[in-house]
Each structure stands twice: as C-alpha cells, then as structure tokens.
Amino acid sequence: MTSRRALFSLLPLGGLRLSSDTGRDSDMFCMLFQSIEHALREVTGLDEVLLGEGGEHADLSSTVAFNLAKIKRAPPAKIAQELAATLAARDDLKEIRVEALGPYLNFHFSRAMVERALQQATMPGYGSHPPREERVVLEHTSANPNGPLHVGHIRNTILGDTLGRCFRKAGYPLEVQYYVNDMGRQIAIVVWGFSTLENTRLPGEKGDHHVARIYIAANRELEANPGCVADVDHLMQLVERGDPATVRLFRDAVTECLDGFKVTLARLGARHDRFVWESDFIRNGDTERVLGKISHMPECRDDGKLWLDLSSAGFEKEYVLRRSDGTSVYAARDLAYHTWKGRNYDRVIDVLGADHKLIGAQLIATMRILGEKAPEIIHFEFVSLPEGSMSTRAGKFVSADELLDEVTRRALEEVTIRRPELPEPERQEIARSVALGAVRYDIVRISPEKSTVFDWKEALDFERQSGPYIQYAHARACSILDKAGEFEEYLALENEHEMALARHIIRFPMVIENVVTELKPHLLAGYARELADLFNAFYHFEPVLKTEGLVRRSRLTLVKATQNTLSEALATLGIDALRTM
RNA sequence: GGGCUUGUGGCUUAGCCAGGAUAGAGCGCCGGGCUUCUAACCCGGAUGUCGAGGGUUCGAAUCCCUCCAGGCCCGCCA
C-alpha cells in the first residue's frame, strides 16, 4: 500500500488547468460507459457484452470473453487478449486503457479523463440530466385517512419521495399524486363513529390522531354491537349515491385526517403535487364508464355482483367490481383512476404495500385487457413491531409523528453535547435536519422487498451507515472550504485516496440514471454512503489546508467536488446537506 | 390448502433480475488512533456450510427443481 502511494507520487503531475467553458457533457461517465459498450458490441458482434463495474480491478470491466469462448471454442484468456488488442487500437477508446487480465477485460480511464469529469462535479446541479419529454406520474403514500401515518406508511412515503426526486434529477417532468381513499368502509366507520360516539378533539390533538381515536373506538363499538354494521353499509350507499349531507360528513372527516397527514409529510420533506380524491371518479362518471366498457368484455360476469374472470391471465380469484347492491368496489374506482393517469401521462408508477400485490397484478391485467396503459408498481414489504404487525384499527402502531419527535429529541441531545457553544435555536435547527436524515436514510437504505421489524435502537443510531454520517462528511468538507477561502480550481490527482474518491464522484450521474431505470432508490443510498466513506478516508490521510501551491489547489478542488456531489446526493435523498453540525 | 415473497458471520444489510476475479458493508466483539482541516471519524483483527438438498454449467449467493422457516395475500374491505 505504501509502496503504491510512493509510486504514484513519482509520476509527473501534468495537471489539468480548469476553465469554465469545458464540460458541456454533463454525464461523462455515462458517455464513457456507452462508448465502451458500443465498441464491445462492434468488436464481439454480440448484443449483450456484460459491461459492469470493475470494482478494485478497473473502472469498468467485462466478462464477455467467457461467452465468446464458448462460441469460438478458444480459451477465454486468449480471446480477452485479442479483444483488448483490437479495442486498444480503436480511435473512440483512445483515452481508455484496455487490459486483459486473464479472461477479464478491464477498462481504465485516464487520469485526465477522470479530472475532466470531476470538474463537472464541482458545478451546481451536478448529476442532473437534461430535460426529457416523457411525462411521469408517481403515486405514493395514499394511506387511508383513518389514522396517522405510521412507520409502515412512511416507508412508502420515503421510497416514493426519493424516487420522485431521482426522476426530477434525471430530467423527467413529474407529477406526484396522493390518491385519497375517501369513500371506503374504513372512512364510513370513522363517519359513523363521529356521528354516534363522544368525539371532541382533545387540546393540541392533531386531526389524524383524533380520527384514529374515533376509528379505534368505533371499531370496538361495532364489535360489541354487530347490528350497527348495517348503519355503516347504509352510509356507504348514501355516499356513493351522492347524498349531500353524507358526502359532507365524509369529506369533513377525511379532510381533518388529511390535514394531519400534510403536516407529517411536510416534516418528512415529502411533497405531493396533487391530492386526487377517489370519490371524484364516481362523481365525474369515469367509474361508470369503465364498468360499462368492462360489461361488454368476454371476461365479464354478472351474477348480481359484477366481476371479471381473469383466469386467462392466471388469476383464480374473482375480480369483483360492483356489489349486488349496486355500489362500486375500490377496484372499480382504481381502474377509473389508472385509466385517467394512463391517458394523461407517458409513464405511470405506483408505490404500494406488499398487501396490494394481488390486486395490483389484477389491475395491471385488466388495464391490458382494456387496452389502457398499465402502471409500473413498486411493492414494499411490511414494517412490523417487535410485538407483531401494526394495526390502526387496534391502535397498535408507532406513528411517524412520535418517531420524528423522539429522533429529534435524541438528535438535539447529541448536538448539545457536541456543539454546546451554539445558541439553542441553531442547535434545534441542526437536530431537526439530523433527525430527518436519520429517519429517511434508515428507511431508504433497505431494499423494498425486505420485510423489517421496527427497532428504536436502529432508528436512533446516528453512526456509520446512517444519514447523519453522510451529513457529517458533507459538513466536514464545508468546513475545509470555509477555512480555505478563495482558490482557483485546478486538478492533479496524485494518490490512491484522491483517485478512489474521484472515481466514485464521477459515477453519480449514472447512479441517478440507474435508480430511475431500475426503480431502486436504495442504490442512491448506498452510493452516498460509499462517497462519505471514501471522503472520510481521504480526509484522514490527506491534509488539505496544510499543503501549499498546486497540491493545495488540487485537493481543495477535490473537496469542492465531493462537497457538491454529497450535497446533490443528499438533496436527492431528501436530506438536508448541513454546512455545520 | 393455493399464490407471491424473503432467508447471506451474534444482529442489520449489499450483491441475485442480465452466472464469472479472494461474497462487500455497518452494529456488536478484540486491539489501536483526538496538542492535527469537526472523533456523528479513522486504522487493524476475529467472525460466513450465502436456509437445506439436488440439478444445469468450464464456473452458482446469483439460473432450475424439491424441502424447511418467516412475511404478505387469497372479502360483494381498502
């Protein structure tokens, strides 16, 4: 390790002077990737050339020689060697060093290229892609308004919001929607509770928590008096029929809960562009229109209730759309909603809980039969409590509000220990950002298909692999830049800490691209953490302010690129990039 | 019972879809490092039958089959 560093320092500097008019191409890494992939395709004649990250061995690498070996009946190492020679001779790969290491084809970017790409990383908005045409609509959270958002719901919120931020960063025109289920049975139960039970709102009680209290009490009451269920059914019929008084009762209850949601969502840094009310699809006739169209389909069955036979698509279960009392079922309204989305946007994405897997698949199948655009659905698995699964109805949940309160309290403790000299309001401000970073990161870092158990200890951990860890790396970079004052950008990367950091920074635009194509926000979480790791190592081993001349300027430029990239990555994760903490 | 899904060191987790270079991290544990650009940090060490068993392949954590365990779903709920 030491010897390699020594070797590097013997290399001539040959630094790159930076000027502001270079770097039109804002995602150099993507371009390099594409040109290598293109060259590989030409040279091998294969469509799939297996180009991927090179890890410790290279910037990019390919295992295509193995596949070619089968076709050409020659040893993969020999093929790799021949490919490397051919590729190295190409004009379009002039600045890339191609090497065959055994059967592997390794591609190394020249230092000059890394430095050029790095220069782009110092500019505001780094990682953003040019505007695209495709209009995207993203639905997330959409929790039933019968109680506050809890730690399960906000997995949806944070996943969706992060994905939305990635889409915007990737250049897509995006609208984020919240689908308000304002006419379901749960809401009818809330309304029934409001009209029959003691229901005064406690002083200081948030609307959503108030609604939950009534909802829990109403459910208890209904369990004790099953006869009252008919009253709830009646409410549902009245609201579907558009009975003005009932509609107002539903709307008031839902609004009270929704107002509470909006406060929580704002605390989480999540923003919806539009709240779409389910009942609007009854009122505007869309649901009726969809059901009318469906009634003419060969898959349609009407035996009192109206349902679809989706067995041709592999579903055994009846897909019920209208009850025998004439009222529509959620699935019917959902079809109307998705038809509307499909006709107004080019790409429709929903973030839904794993409990919606079946109904989601049925929805997609039906949309296809209808000839409408089917949504892409991201399902996330459940968050449970150590004592079992959460239930709003049973009052068994940890609300997002109490999670944020508790994490903020802990964060304030931590800030107060570390920065006792700061005035209270400033400490509170930092604590709020740290808490948000901790909560959001803790959730987004886990891939959605993993079911998790909520753990206070983990939620309150601000150390490695946490949001605050990344925020801290950013604050450190800011601290150096603040102390450095003015400097002229210049790059001459010397040692392996600098190179490793630089190589990672230039991948950022590609990470954004990957998140939106694969719909995997946790890739960004991992990227940001690795970036912080690499910066911390650089920070520890390579002094910046104590050096002089070109080395100082080069390292400062690298710090600036890191700070900027961390800041952009954190913003895309919905986490505040603090300048001090 | 049927369907979907997850199973990776004591704990949490990446990698799996598009199979290849010694399976990456973090917590915890052991040992080091703050007169030094913020120690919410860094460095080193121990810890893995990648749930089990078969199969495909030159090569399997990754693909296929069976089984086991957890989660979710299977309502004229949403």
Side-chain angles (χ1 to χ4, degrees), chain A residues 48 50 52 54-58 61 63 65-67 69-70 75-76 101-104 106 142-144 146 181 183-189 236 278 303-307 314-318 320-331 333-334 353-359 361 379 381-382 384 389 411 414-415 417-419 434 438 445-447 449-453 455 457-458 461-473 475-484 518 522-523 525-526 529-530 532-533 536-537 539-547 555-556 559 580-581:
Chain A
E48 179 51 70
L50 305 163
E56 60 194 294
H57 304 284
S61 74
T63 55
F66 284 107
N67 290 18
K70 216 170 291 179
L101 192 65
Y104 301 95
N106 291 337
S142 302
N144 285 331
N146 58 355
N181 302 122
M183 52 183 306
R185 174 166 239 68
Q186 283 99 326
I187 309 312
I189 291 172
M236 289 174 71
E278 184 179 12
D303 50 15
K305 65 183 186 290
L306 187 81
W307 58 281
F315 298 98
E316 298 311 316
K317 282 291 164 185
E318 302 176 349
V320 178
L321 300 173
R322 200 207 304 269
R323 301 183 184 95
S324 48
D325 70 359
T327 58
S328 63
V329 177
Y330 161 85
R333 277 112 56 183
D334 211 21
D355 54 338
H356 283 66
K357 273 185 182 176
L358 176 60
I359 194 118
H379 291 286
E381 288 292 336
F382 271 41
S384 59
S389 49
E414 201 64 30
V415 178
I417 292 166
R418 290 160 196 280
R419 304 295 300 278
V434 166
R445 58 181 253 265
I446 308 294
S447 60
E449 68 269 15
K450 227 87 161 185
S451 57
T452 65
V453 177
D455 180 352
K457 190 168 155 282
E458 264 170 50
D461 181 12
F462 305 144
E463 298 195 338
R464 295 196 60 147
Q465 294 202 344
S466 75
Y469 169 80
I470 301 164
Q471 290 172 302
Y472 186 69
R476 277 178 146 182
C478 287
S479 174
I480 293 177
L481 294 172
D482 287 346
K483 289 198 165 77
E518 296 183 37
H522 75 276
L523 296 178
R529 199 212 71 231
E530 283 163 12
D533 284 345
N536 278 329
Y539 179 94
H540 189 76
F541 289 104
E542 314 298 342
V544 177
L545 297 177
K546 265 178 284 187
T547 57
R555 288 190 182 166
L556 276 171
V559 172
T580 180
M581 60 189 281

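So you know, we letter chains A, B, ... as the sequences are listed, proteins then strands, and number each from 1.
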> Can you find a side chain N or O atom of A:Arg323 that sits less than 4.0 Å from OP1 or OP2 on B:C77?
Replying inline: yes
> Under the side-chain contact (heavy atoms from CB on, under 4.5 Å) test, which residues partner A:Asn106, sequence neighbours left out?
Replying inline: A:His57, A:Ala58, A:Ser61, A:Glu99, A:Leu101, A:Tyr104, A:His108
>> With rounding to the closest Å, how many angstrom separate the C1' atoms on B:G48 and B:G9?
In response: 5 Å
>> By the 4.0 Å heavy-atom rule, please label A:Ser61 as base, sugar-phosphate, or nothing.
In response: base
>> Students often get this wrong, so: under 4.0 angstrom with heavy atoms, is A:Ala354 touching a base, only sugar-phosphate, or nothing?
In response: sugar-phosphate
> NA contact type, A:Val559, heavy-atom cut-off 4.0 Å: base, sugar-phosphate, or nothing?
Replying inline: nothing
> What interatomic distance, in whole Å, is found between P of B:C27 and the corresponding atom of B:G45?
Replying inline: 15 Å
> Using a cut-off of 4.0 Å on non-hydrogen atoms, how would the nucleic acid contact of A:Tyr469 be classed: base, sugar-phosphate, or nothing?
Replying inline: sugar-phosphate
> Going by atom types only, do A:Asn181 and A:Arg333 share a side-chain donor-acceptor pair under 3.5 Å?
Replying inline: no
> Can you find a heavy atom in the side chain of A:Tyr539 that is under 4.5 Å from one in the side chain of A:Val559?
Replying inline: no
>> Let me spell it out: for each of A:Thr580 and A:His57, pick the nucleotide of RNA chain B with the closest heavy atom. Which residue's pick is nearer the 5' end?
In response: A:His57
> Are side-chain heavy atoms of A:Ser466 and A:Arg445 found at a separation under 4.5 Å?
Replying inline: no
>> What I want to find out is whether A:Lys457 reaches A:Asp461 closely enough, with some N-O distance under 4.0 Å, to be called a salt bridge.
In response: no
> Considering only the C1' atoms, how many Å lie between B:G1 and B:A46, rounded to the nearest integer?
Replying inline: 47 Å
>> By nearest atom, which of the nucleotides B:A21, B:C37, B:C73 is closest to the A:Leu545 side chain?
In response: B:C37
> Considering only heavy atoms and no angle criterion, is a donor-acceptor pair shorter than 3.5 Å present between the side chain of A:Ser324 and the base of B:C76?
Replying inline: yes
> Taking the C1' atom of each, how far is B:U57 from B:A61, in whole Å?
Replying inline: 16 Å
> When you check the phosphate oxygens OP1 and OP2 of B:C76, does a side-chain N or O of A:Tyr330 lie under 4.0 Å from one of them?
Replying inline: no
>> Between B:C17 and B:U5, how many Å separate the two C1' atoms, rounded to a whole number?
In response: 14 Å
>> Any base atoms under 4.0 Å from A:Asp303, or only sugar-phosphate, or nothing? Heavy atoms, all strands.
In response: nothing
>> With a 4.0 Å cutoff (strictly under), does any side-chain N or O of A:Arg419 reach OP1 or OP2 of B:A39?
In response: no
> What are the two closest heavy atoms between A:Ser389 and A:Ser384, and how far apart are they?
Replying inline: CA-CB, 4.0 Å
List every contact pair, protein side and nucleotides 15-19 of chain B side both N or O, where the distance is under 3.5 Å.
{"unit_1": "B:G15", "atom_1": "OP1", "unit_2": "A:His522", "atom_2": "NE2", "d": "3.1"}

> Base, sugar-phosphate, or nothing: which does A:Val544 touch, judged by heavy atoms less than 4.0 Å apart?
Replying inline: base
> What is the nucleic acid contact for A:Leu321, judged by heavy atoms within less than 4.0 Å: base, sugar-phosphate only, or nothing?
Replying inline: nothing
> Is there a donor-acceptor contact under 3.5 Å from the side chain of A:Arg323 to the main chain of A:Lys305?
Replying inline: no
>> Taking only the P atom of each, what is the distance from B:C68 to B:G32 in whole angstrom?
In response: 50 Å
> Does a nitrogen or oxygen in the side chain of A:Lys317 sit under 4.0 Å from OP1 or OP2 of B:G75?
Replying inline: yes
Set out, line by line, the N/O atom pairs under 3.5 Å between protein and nucleotides 23-25 of chain B.
{"unit_1": "B:A25", "atom_1": "O2'", "unit_2": "A:Gln465", "atom_2": "NE2", "d": "2.6"}
{"unit_1": "B:A25", "atom_1": "O2'", "unit_2": "A:Arg529", "atom_2": "NH2", "d": "3.2"}

>> So A:Lys483, base contact, sugar-phosphate only, or nothing? Heavy-atom distance under 4.0 Å.
In response: sugar-phosphate
> Do any side-chain nitrogens or oxygens of A:Arg333 fall under 4.0 Å of OP1 or OP2 in B:A78?
Replying inline: yes
> Touch check for A:Tyr539, heavy atoms < 4.0 angstrom, all strands: base, sugar-phosphate only, or nothing?
Replying inline: base
>> Classify A:Glu278 by what it touches in the nucleic acid, base, sugar-phosphate, or nothing, heavy-atom distance under 4.0 Å.
In response: sugar-phosphate
> A:Tyr469 and A:Ala532: which non-hydrogen atoms are nearest, and at how many Å?
Replying inline: CE2-CB, 3.6 Å
>> Between B:C64 and B:G10, how many Å separate the two C1' atoms, rounded to a whole number?
In response: 33 Å
>> Between B:C42 and B:C4, how far apart are the two P atoms, rounded to whole Å?
In response: 43 Å
> Are A:Glu518 and A:Leu523 close enough, and set up right, to give a side chain to side chain contact (heavy atoms under 4.5 Å, CB included), and what steps lead you there?
Replying inline: CA-CA 9 Å; A:Glu518 296 183 37; A:Leu523 296 178; 4.1 Å; yes
> When you measure from the side chain of A:Val329, which nucleotide among B:C43, B:U12, B:A78 comes out closest?
Replying inline: B:A78
> Picking from B:A21, B:U12, B:A78, which would you name as closest to the side chain of A:Asn181?
Replying inline: B:A78
> To the side chain of A:Leu358, which of B:C73, B:C43, B:A78 is closest?
Replying inline: B:C73
> At under 4.0 Å between heavy atoms, what does A:Ile187 touch on the DNA or RNA strands: base, sugar-phosphate, or nothing?
Replying inline: nothing
